[in-house]
Amino acid sequence: SMKHKPIEAFDLRFIQLCRRYYLPLSRFALFIVFFWFGALKLLGLSPASPLAEALTANTIGAQYFDVAFYGLAVFECLIGLLFLIPKATRLVIPLLFAHLILVSSPLVLVPGMVWSNWFVPSLEGQYIIKNVALAAIAIGIAAHTEPIAVKRQRQT
């Protein structure tokens, strides 16, 4: 019927807009989160420092905190920058997942700082758990990567 046409047209335009901008916006969003938070660590301004110190003390040893924390900071900035380079997708996705495993480890290794009760995360715990959304965005980006087989076919 006629009354559905404007709704259908709007629906189609909206979906096309989302499809056009999903990848660049997702790449830029991950750049912002990783580069910004990494930069805060490098500048000594990160609110994550106490949690990172506790994790370091419980694992490799407190004496390695500075080198580990600055290493993590550089790693985060690198991940952020690599997300801006579409050709680096195959490299950055495994780096992101390695990073997410590392930064999620306090959920198990420093439970006192990330859980206030069973299934009740502290603010730091919530900060870690929201990384499932970053993982989902990364999977969405990876899903749009051109398969190697397709590239090979085009070259022959």
Side-chain angles (χ1 to χ4, degrees), residues 6-56 59-60 64-110 113-115 119 121-156:
I7 292 169
E8 290 170 10
F10 172 79
D11 183 60
L12 197 58
R13 276 199 307 273
F14 182 73
I15 291 168
Q16 287 169 339
L17 197 72
C18 290
R19 286 182 179 163
R20 182 175 303 134
Y21 293 108
Y22 170 79
L23 271 178
L25 285 174
S26 294
R27 289 181 175 286
F28 191 65
L30 291 178
F31 163 73
I32 288 172
V33 170
F34 280 88
F35 193 85
W36 190 353
F37 292 4
L40 287 176
K41 286 179 181 72
L42 284 176
L43 297 169
L45 300 170
S46 175
S49 297
L51 182 59
E53 285 184 59
L55 177 64
T56 308
T59 53
I60 59 174
Y64 300 113
F65 173 70
D66 284 342
V67 68
F69 197 62
Y70 287 110
L72 178 66
V74 170
F75 188 46
E76 286 176 355
C77 289
L78 177 69
I79 289 171
L81 289 168
L82 288 173
F83 268 111
L84 294 178
I85 306 166
K87 286 189 185 305
T89 301
R90 281 186 179 80
L91 171 64
V92 73
I93 297 292
L95 295 180
L96 171 123
F97 282 98
H99 175 273
L100 291 181
I101 290 165
L102 175 68
V103 300
S104 297
S105 67
L107 294 172
V108 176
L109 300 176
V110 232
M113 286 189 80
V114 293
W115 299 102
F119 297 105
S122 65
L123 200 56
E124 289 84 354
Q126 291 180 34
Y127 174 78
I128 292 168
I129 291 166
K130 70 94 188 62
N131 286 329
V132 297
L134 299 183
I137 293 168
I139 290 167
I141 291 170
H144 288 82
T145 304
E146 186 179 47
I148 293 170
V150 175
K151 282 183 176 170
R152 279 208 191 101
Q153 285 170 353
R154 245 198 281 122
Q155 287 164 355
T156 55

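Contact between Ala138 and Ile93 at its shortest, heavy atoms only, is O-CD1, 3.4 Å. When all heavy atoms are compared, the tightest approach of Trp115 to Leu107 is NE1-O, 2.9 Å. Between Leu51 and Ile128, the shortest heavy-atom distance links the atoms CD2-CD1, 3.9 Å. Across every non-hydrogen atom of Phe97 and Ile139, the tightest pair is CZ-CG1, 3.9 Å. Residues Leu84 and Phe28 approach most closely at CD2-CD1, 4.2 Å, considering heavy atoms.
In this structure Ala48 satisfies the side chain to side chain contact (heavy atoms under 4.5 Å, CB included) test together with Ser46, sequence neighbours excluded. Scanning for side chain to side chain contact (heavy atoms under 4.5 Å, CB included) contacts around Trp36 gives Ile32, Leu40, with sequence neighbours left out. With sequence neighbours excluded, the residues forming a side-chain hydrogen bond (donor to acceptor under 3.5 Å, both in side chains) with Ser122 are Glu124, listed by chain and number. For Phe35, the side chain to side chain contact (heavy atoms under 4.5 Å, CB included) partners two or more places apart in sequence, or in a different chain, are Phe31, Cys77, Leu81. Remark: Phe37 pairs with no residue by the ring pair (Phe, Tyr, Trp, His ring centres under 6.0 Å) rule, at least two apart or across chains. Remark: Ile15 engages Asp11, Arg19 in a side chain to side chain contact (heavy atoms under 4.5 Å, CB included) (not counting sequence neighbours). Residues forming a side-chain hydrogen bond (donor to acceptor under 3.5 Å, both in side chains) with Thr89 (at least two apart in sequence, or on another chain): Arg27. Residues meeting the ring pair (Phe, Tyr, Trp, His ring centres under 6.0 Å) test with Tyr21, sequence neighbours left out: none.
For residues 86-105, no residue pair satisfies the salt bridge (charged side-chain N to carboxylate O under 4.0 Å, His left out) rule, not counting sequence neighbours. Listed by first then second residue, pairs satisfying side chain to side chain donor-acceptor pair (under 3.5 Å) with a partner in residues 92-101 read Glu76-His99, not counting sequence neighbours. Applying the ring pair (Phe, Tyr, Trp, His ring centres under 6.0 Å) rule to pairs touching residues 132-153 yields Tyr22-His144, sequence neighbours excluded. Contacts classified as ring pair (Phe, Tyr, Trp, His ring centres under 6.0 Å) and involving residues 71-91 (residues at least two apart or in different chains) are not found.
Between the CG atom in Leu72 and the CD1 atom in Ile79 there is a gap of 8.5 Å [rounded to 0.5 Å]. With rounding to the nearest 0.5 angstrom, the CG atom of Leu100 is 11.0 Å from the CG atom of Leu95. Taking CD1 of Ile141 as the reference point, atom CG of Leu96 lies at 8.5 Å (rounded to 0.5 Å). One distance of note links CD of Glu8 with CZ of Arg13; it measures 12.0 Å at 0.5 Å rounding. Note that the CZ atom of Phe69 and the NZ atom of Lys41 stand 5.5 Å from one another [nearest 0.5 Å]. Thr59 contributes atom OG1, which lies 8.5 Å from atom CG of Leu102 (distance to the nearest 0.5 angstrom).
A heavy-atom distance below 4.5 Å is found between the side chains of Ile137 and Ser26.
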May I have the step-by-step check of side chain to side chain contact (heavy atoms under 4.5 Å, CB included) for Val67 and Tyr64, ending in yes or no? CA-CA 6 Å; Val67 68; Tyr64 300 113; 4.3 Å; yes

